[in-house]
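Notes follow once the structure below has been shown.
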Amino acid sequence: MLVGYQPKKRTLCELGQRIDDLLFERDMSASSIADFCGCDRKTLYSIMESGECRLSTMIKIADFLNVSIDFLVYGKERNNGKASNTEGN
């Protein structure tokens with residue numbers, strides 16, 4: 001290892017943090033979700049950092065993780081137009 005070298009720490013947006021948390025909770029890899037979505041890990045990490053992706057990719061991510069798009073984006077589910085927190089808060 002080079003002296004003074006520090007690996008780049010990724011700064012995740014809220015969407016990216018939720019994806020990362022769900023992957024961790026389910027013991028899944030970034031490679032598995034990237035393969036499912038038809039992209040590479042670099043693209044997935046870019047999505048997780050920026051929070052920007054195509055709707056079709058967002059749908060694939062939500063399907064893979066078995067959550068709604070509302071949960072990925074807002075951290076909440078929507079019921080009859082009213083937001084409710086699925087984490088019990």
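Bear in mind that the values here come from a model prediction, so they are computed numbers and not experimental data.
In the displayed structure, Q17 atom CD is contacted under 6.0 Å by more than 12 heavy atoms of other residues, nucleotides or ligands. Heavy-atom neighbours of R26 CZ from other residues, nucleotides or ligands within 6.0 Å: above the threshold of 12.
For I59, the side-chain contact (heavy atoms from CB on, under 4.5 Å) partners two or more places apart in sequence, or in a different chain, are L55, D63, I69. For T57, the side-chain contact (heavy atoms from CB on, under 4.5 Å) partners are I47, C53, R54, I61, not counting sequence neighbours. Listed by chain and number, the residues in a side-chain contact (heavy atoms from CB on, under 4.5 Å) with D35 amount to none (sequence neighbours excluded).
With rounding to the nearest 0.5 angstrom, the CZ atom of F36 is 9.0 Å from the CG atom of L65. Taken from CG in N66 to CZ in F71, the straight-line distance is 11.5 Å, to the nearest 0.5 Å.
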field: Pair I19-F24, side-chain contact (heavy atoms from CB on, under 4.5 Å): steps then yes or no
entry: CA-CA 9 Å; I19 293 170; F24 180 78; over 6 Å; no
- prompt: Would M48 and L15 satisfy side-chain contact (heavy atoms from CB on, under 4.5 Å), going step by step from the backbone distance to the final call?
  reply: CA-CA 6 Å; M48 291 171 68; L15 168 72; over 6 Å; no
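Contact between S50 and C13 at its shortest, heavy atoms only, is C-SG, 3.9 Å. Closest approach of S68 and A62 over heavy atoms only: C-CB, 4.2 Å.
The shortest distance between side-chain heavy atoms of L72 and M58 falls below 4.5 Å.
Looking at R18, its side chain does come within 3.5 Å of a backbone N or O of V73 through a donor-acceptor pair. In terms of modelled atom types and a separation under 3.5 Å, the side chain of S32 and the main chain of M28 share no donor-acceptor contact.
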